[in-house]
Trainee: 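Below you'll find the structure I mean.
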Amino acid sequence: MVHVYNCHPFASQQIVQVSGAVLTLIQRDYLVTIEEKNSATYLRAYTNWRYQAEEKARVGVRLLGHLLRGASVRGGVQMEIIEIPLSERPVAMACCSVTGDLLVGCENTLVLFTLRRQNQQNLVRIQLLMLTVYIFCGSQCKLYTEAAYLLLCLLDIHMSLLPSKGNQSVSMDEPACMFCFFSLPNAGYLYSLKGGVELLSAYQYPEKVLEAVLTDHLLHVITRNALQCFTVRCAAVAARIEDPYIDTTMRACPPCSLEVLCVYGRHVILLSTADTETSEETERTTQRRGLSRKWTISSPKETSAAGHGWNLYVVDTVSPFTLYQEMVEYSQHYAETSPQAQSLRHLLSEAHLLLRASLLQTSEQQQHSEELEEALRQNCAQLGDCFSRASQKDCHLALPYYRMSGLSVTEVMVRNRPHPSSPHSYGPGFLFYLKHYLLEETEQTLNQESADEVIDIFGQSDPSELITVCASPSMINVSPARTLQILQRLEDTAGVSVPLTITMATMMLRLDDLPQYTQLINRHAEMLLVYGFIEEPRLLLHGGGQHAHVRPTALAHQLAKLQPGLLVAAMVALHENNKVQLEQADHVFKVCEMTLLRSSLLCGPSLSIGSVLPLLERLSEETLWGFSLHLLCATRRGQYDSSIEKLLDRCPQAIIAYANHQLQDKNMALWWQKLLPELCNRTRAAAENSILLAALKETLVVVAMETSPTDFLELIPDDGTAAYFLPHLLTCSQRHLLT
């Protein structure tokens with residue numbers, strides 16, 4: 001919509017430039033003009049001009065700093081023309097649409113004017129997310145190098161001068177980001193000034209431009225007969241400064257280098273001369289080319305000798321949100337005909353930046369943030385769809401955009417199901433997203449239907465990832481029988497591997513098929529199984545990372561019952577490879593509640609003392625598993641005597657299992673040199689202790705098998721208990737005669 005106001009009270013001299021601000025918060029608006037008359041240049045501000053345009057009030061004229069009596073002081077509606085004296089000739093100006101501050105560029109200086117409230121002495125300061133400095137270079141700039149030099153000089157001008165982004169109204173910190181825009185007759189250049197000078201966009205105008213104005217959303221350029229608008233990249237820069245997770249797997253934003261589009265904007269103010277003796281003729285033609293619109297204004301008639309007035313055109317076009325909706329509507333054409341077209345991705349990226357620019361505005365300006373945020377989530381979902389089917393170069397962007405959309409993994413899967421009649425399978429971006437979702441330690445679990453669909457997707461599209469998929473905690477509800485069929489096909493084609501065998505054993509365990517589970521888990525040696533757990537720790541543990549605790553899997557509980565030594569060896573190896581923390585290992589053993597009676601916990605040669613020592617420094621012997629690990633390490637250091645004594649003191653029921661495992665080969669003599677004397681002394685002191693008596697009997701069986709009758713006879717104590725040892729001495733003699 002174009003509003004036309006007949007503004008005869010405006011100055012009748014030639015208006016060279018015009019700038020303006022509509023400030024809802026301050027409830028005032030004004031226009032600023034650079035005017036020329038009789039070779040003199042004036043800077044004037046017009047306040048409350050809408051009322052004069054509607055012929056509702058008189059006009060007052062005053063100098064800057066001098067207030068008029070009457071209506072204007074009382075906050076009335078009288079229009080004022082404020083003469084702004086300057087020591088130099090003004091050549092360019094810009095008005096901040098957020099604060100109302102005015103920046104005037106003279107030939108050698110920059111002058112900043114701030115807008116004051118009438119009822120306050122303090123300056124009005126509004127939170128500012130981005131600052132734009134406008135320098136318009138026309139005939140005054142002979143060489144582009146002069147403009148570039150001026151750009152470099154601007155770097156040192158704005159510190160404490162401008163309000164910065166923050167939760168407080170005034171801050172002495174630097175602004176979050178700064179931009180500088182140069183407009184030449186046939187091209188425009190947008191620079192970012194934070195962290196060095198960087199060219200963001202170069203605009204090639206279709207025809208000679210008389211004026212250019214940059215806003216948060218769009219660049220408006222005025223030619224002789226038309227108004228054109230182009231997209232800007234300020235939001236892309238600001239988003240990356242605001243959010244350090246942009247350009248990661250968490251969040252994404254279209255790049256600053258995205259090619260610009262010609263679009264249309266809102267609230268552009270134009271002035272043209274008007275013949276005072278004839279009625280004004282206005283004509284607007286709207287031309288749609290893609291997403292571009294032009295407003296054509298009829299050429300003014302020649303002015304009479306008596307002078308002329310001015311026509312004020314307020315071009316009120318659609319809001320950024322409405323523009324976004326039109327972009328989405330237009331994008332549907334590409335989505336239906338060519339869903340992988342670059343044009344569709346480009347258009348959705350432009351819409352994304354438009355929404356980001358709107359959301360970067362402060363709450364005072366933006367009253368529809370919830371609507372915009374919902375639109376941004378929908379846009380992210382659409383961009384995720386684009387990149388899910390993209391080539392390998394860009395497919396990774398599907399992950400952050402789907403994350404930002406707020407869609408559940410099930411909803412994303414529905415959006416990416418191939419059409420029954422389509423020959424295409426799942427896109428690489430979708431598989432990338434799904435794989436990373438399953439790698440995350442999330443509390444969300446898929447239901448059986450969705451989990452089975454995930455297994456089918458990877459079984460069809462990327463079988464090599466099936467082990468990783470099955471190990472995900474999100475897949476706990478997957479059908480084990482169906483999964484075993486797919487894993488068996490993988491083994492038939494790819495061959496046997498340790499992680500695959502462990503995964504199949506896990507599924508057998510979920511089916512309560514213990515014989516098949518045992519057969520699978522016994523395929524490989526203990527050390528190879530440990531390497532398999534290092535390759536995929538989630539076969540044993542869920543959680544970790546940002547989670548304080550880990551959760552043992554069903555397989556970990558099974559190992560704690562039947563193969564605790566393997567579990568300990570795997571946990572030590574995971575700790576040594578920085579895949580589990582000490583506190584997490586402690587938690588796992590507490591949950592599994594292992595006892596030495598079931599294990600002598602001692603894992604054999606696969607456990608190196610060097611890898612365990614850092615663990616021991618933090619472990620207390622108060623817990624049973626902590627005591628077990630200390631005992632194991634003491635044994636491996638050769639401290640057999642003290643280990644036997646500690647075990648008999650703390651857990652005598654495990655002594656035989658310990659001896660069977662540790663007192664072998666060169667240490668076999670410890671059965672009768674250390675263990676037998678200890679048991680004799682302890683049973684003598686506690687003759688009714690059935691555990692000690694059973695351990696003594698088992699020890700005598702071993703001693704009778706490994707010693708000669710003469711040596712055995714010397715071991716019998718002389719305390720009157722020889723009769724108890726005679727049956728074992730007889731067994732030893734018979735064995736000796738046979739050999």
Trainee: Any side-chain donor paired with an acceptor under 3.5 Å for Ser388 and Asn416?
Mentor: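 Yes.
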Trainee: May I ask you to decide if Phe533's main-chain N or O and Glu536's side chain share a donor-acceptor pair within less than 3.5 Å?
Mentor: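 Checking the backbone N and O of Phe533 against the side chain of Glu536, no donor-acceptor pair under 3.5 Å is found.
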Trainee: Are any of the side-chain heavy atoms of Ser349 and Leu383 separated by less than 4.5 Å?
Mentor: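 Touching, per the 4.5 Å side-chain cut-off.
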Trainee: Provide the closest heavy-atom pair for Pro499 versus Glu535 in the form atom of the first, atom of the second, distance.
Mentor: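 Closest approach of Pro499 to Glu535, heavy atoms only: CG-OE1, 3.4 Å.
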Trainee: Is there a donor-acceptor contact under 3.5 Å from the side chain of Thr248 to the main chain of Tyr245?
Mentor: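 Indeed, once roles are kept as given, a pair shorter than 3.5 Å links the two residues.
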Trainee: Any side-chain donor paired with an acceptor under 3.5 Å for Gln382 and Gln378?
Mentor: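 No pair is found: no donor N or O on one side chain lies under 3.5 Å from an acceptor on the other.
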Trainee: Under 4.0 Å between a Lys/Arg side-chain N and an Asp/Glu carboxylate O for Arg345 and Asp394?
Mentor: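 Yes, Arg345 and Asp394 are salt-bridged.
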Trainee: Sub-3.5 Å donor-acceptor pair from the side chain of Arg251 to the main-chain atoms of Tyr401, do we have one?
Mentor: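 Not confirmed, Arg251 side chain does not pair with Tyr401 backbone.
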Trainee: Nearest 0.5 Å, please: how far is CG in Leu509 from CD1 in Ile521?
Mentor: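 Ile521 CD1 to Leu509 CG: 9.0 Å, rounded to 0.5 Å.
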Trainee: Using modelled atom types and a 3.5 Å cut-off, is there a donor and acceptor pairing between side-chain atoms of Thr493 and backbone atoms of Leu490?
Mentor: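 Yes; at least one donor-acceptor contact below 3.5 Å.
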Trainee: I'd like to check Phe432 versus Gln392 (side-chain heavy atoms, cut-off strictly below 4.5 Å). Are they in contact?
Mentor: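 Answer no - side chains too far apart.
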Trainee: Specify the closest pair of heavy atoms between His352 and Cys380, including all atoms of both residues, with the distance to one decimal.
Mentor: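 The pair with the smallest heavy-atom distance is CE1-SG, 3.7 Å.
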Trainee: Locate the shortest heavy-atom distance separating Ala252 from Arg356; write the atom from each residue and the value.
Mentor: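 Shortest heavy-atom contact: O-NH2, 3.2 Å.
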Trainee: Under a 4.5 Å cut-off applied to non-hydrogen side-chain atoms, are Leu696 and Arg682 in contact?
Mentor: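 A side-chain contact is absent here, since even the closest heavy-atom pair is not under 4.5 Å.
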Trainee: Say you draw a straight line from CZ of Arg650 to CG of Leu631; how long is it, rounded to the nearest 0.5 Å?
Mentor: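 Spacing of CZ (Arg650) from CG (Leu631) equals 10.0 Å.
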Trainee: Name the one of Thr410, Leu438, Val478 that satisfies side-chain contact (heavy atoms from CB on, under 4.5 Å) with Val454?
Mentor: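 Running side-chain contact (heavy atoms from CB on, under 4.5 Å) over Thr410, Leu438, Val478 with Val454 returns exactly one hit, Leu438.
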Trainee: Considering only heavy atoms from C-beta outward, does the side chain of Leu511 approach that of Leu484 to under 4.5 Å?
Mentor: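 Leu511 vs Leu484: side chains touch.
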Trainee: Return the minimal non-hydrogen interatomic distance between Leu692 and Pro652, and the atom names on each side.
Mentor: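 Minimum heavy-atom separation between Leu692 and Pro652: CD2-CB, 4.1 Å.
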Trainee: Counting distance only, does the side-chain N/O of Glu698 pair as donor-acceptor with the main-chain N or O of Ala694 below 3.5 Å?
Mentor: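 No: the side chain of Glu698 does not pair with the backbone of Ala694.
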Trainee: Just do the salt bridge (charged side-chain N to carboxylate O under 4.0 Å, His left out) check on Lys435 and Asp462 with the steps written out, would you?
Mentor: CA-CA 10 Å; Lys435 177 183 175 181; Asp462 195 357; over 6 Å; no
Trainee: Determine, stepwise, if the pair Tyr437 / Leu446 fulfils side chain to side chain contact (heavy atoms under 4.5 Å, CB included).
Mentor: CA-CA 11 Å; Tyr437 170 83; Leu446 300 176; 4.2 Å; yes
Trainee: Could you check Met571 against Leu541 for side chain to side chain contact (heavy atoms under 4.5 Å, CB included), going step by step and ending with a plain yes or no?
Mentor: CA-CA 10 Å; Met571 292 301 298; Leu541 310 170; 4.1 Å; yes
Trainee: For Ser461 and Phe458, indicate whether the former's side chain and the latter's backbone hold a donor-acceptor pair under 3.5 Å.
Mentor: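 Between the backbone of Phe458 and the side chain of Ser461 there is no qualifying donor-acceptor contact (under 3.5 Å).
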Trainee: Could you measure the distance from the CD1 atom of Ile644 to the CG atom of Leu663? Nearest 0.5 Å is fine.
Mentor: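 Spacing of CD1 (Ile644) from CG (Leu663) equals 5.0 Å.
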Trainee: Decide if the gap between the ring center of Phe387 and the ring center of His396 is smaller than 6.0 angstrom.
Mentor: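 Between Phe387 and His396, the centre distance exceeds or equals 6.0 Å.
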Trainee: Could you tell me whether the side chain of Leu466 reaches within less than 4.5 Å of the side chain of Leu500, counting heavy atoms only?
Mentor: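 Heavy-atom side-chain distance check fails, nothing below 4.5 Å.
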Trainee: Starting at OG1 of Thr683, measure out to CG of Asn681 and round the result to the nearest 0.5 Å.
Mentor: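 It comes to 7.5 Å.
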Trainee: Look at the side chain of Asn660 and the backbone N and O of Ile656, then say whether any donor-acceptor pair between them is shorter than 3.5 Å.
Mentor: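 Present.
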Trainee: Does some side-chain heavy atom of Met413 sit less than 4.5 Å from a side-chain heavy atom of Phe430?
Mentor: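 Contact flag for Phe430/Met413 side chains = yes.
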Trainee: Does one side chain, of Ser643 or Thr635, offer a donor that lies under 3.5 Å from an acceptor on the other?
Mentor: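 The criterion, which ignores hydrogens and geometry beyond distance, is satisfied for Thr635 and Ser643.
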Trainee: Take Leu574 and Val530, measure what side chain to side chain contact (heavy atoms under 4.5 Å, CB included) needs, and give me the verdict at the end.
Mentor: CA-CA 9 Å; Leu574 291 178; Val530 170; over 6 Å; no
Trainee: Do the side chains of Val412 and Leu434 get nearer than 4.5 Å, heavy atoms only?
Mentor: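 Contact flag for Leu434/Val412 side chains = no.
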Trainee: In sequence, state the C-alpha distance, the side-chain angles, and the governing distance for His630 and Lys646, and then conclude on side chain to side chain contact (heavy atoms under 4.5 Å, CB included).
Mentor: CA-CA 10 Å; His630 275 277; Lys646 288 182 179 180; over 6 Å; no
Trainee: Would you kindly say whether Asp385 and Tyr402 are connected by a side-chain donor-acceptor distance under 3.5 Å?
Mentor: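 Short answer, yes.
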Trainee: Within the distance-only criterion (no hydrogens, no angle test), does the side chain of Ser472 pair as donor or acceptor with the backbone N or O of Thr468 below 3.5 angstrom?
Mentor: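 The answer is no, because no donor-acceptor pair under 3.5 Å joins these two groups.
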Trainee: Treating Asn577 as the side-chain partner and Lys579 as the backbone partner, does any N or O pair qualify as donor plus acceptor under 3.5 Å?
Mentor: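 Side chain of Asn577 to backbone of Lys579: no pair is present.
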Trainee: Starting at CD1 of Ile457, measure out to CD of Gln460 and round the result to the nearest 0.5 Å.
Mentor: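 If I round to the nearest 0.5 Å, the distance is 8.0 Å.
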Trainee: Within the 3.5 Å criterion, strictly below it, is a donor on Thr501 or His524 matched to an acceptor on the partner's side chain?
Mentor: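 A pair is found: one side chain offers a donor N or O, the other an acceptor, under 3.5 Å apart.
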Trainee: So does Ser479 get a backbone contact from the side chain of Arg510, meaning a donor-acceptor N/O pair under 3.5 Å?
Mentor: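 Not at all, since once roles are kept as given, no pair shorter than 3.5 Å links the two residues.
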Trainee: Quick check for you: to the nearest 0.5 Å, what is the distance between Thr445 atom OG1 and Asn477 atom CG?
Mentor: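 Reported value, rounded in 0.5 Å steps: 5.0 Å.
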Trainee: Considering only heavy atoms from C-beta outward, does the side chain of Gln519 approach that of Met508 to under 4.5 Å?
Mentor: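 Not in contact.
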Trainee: Considering only NZ, NE, NH1 and NH2 on the basic side and carboxylate oxygens on the acidic side, decide whether Glu678 and Lys674 come within less than 4.0 Å.
Mentor: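 Salt bridge between Glu678 and Lys674, a charged N being under 4.0 Å from a carboxylate O: yes.
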Trainee: Is it true that the side chains of Gln488 and Gln485 contain a donor and an acceptor less than 3.5 Å apart?
Mentor: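 Side-chain D/A pair, Gln488 to Gln485: absent.
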Trainee: Using every non-hydrogen atom in the two residues, find where Ala398 and Gly384 come nearest and quote the distance to one decimal.
Mentor: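 That closest heavy-atom pairing would be CB-O, 3.9 Å.
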Trainee: Give me the atom names and distance for the closest heavy-atom approach of Ser405 to Ala381.
Mentor: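 That would be CB-N, 3.6 Å.
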Trainee: Inspect the surroundings of CD in Gln444 and state if more than 12 heavy atoms from other residues, nucleotides or ligands are less than 6.0 Å away.
Mentor: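 Check fails, neighbour count at 12 or below.
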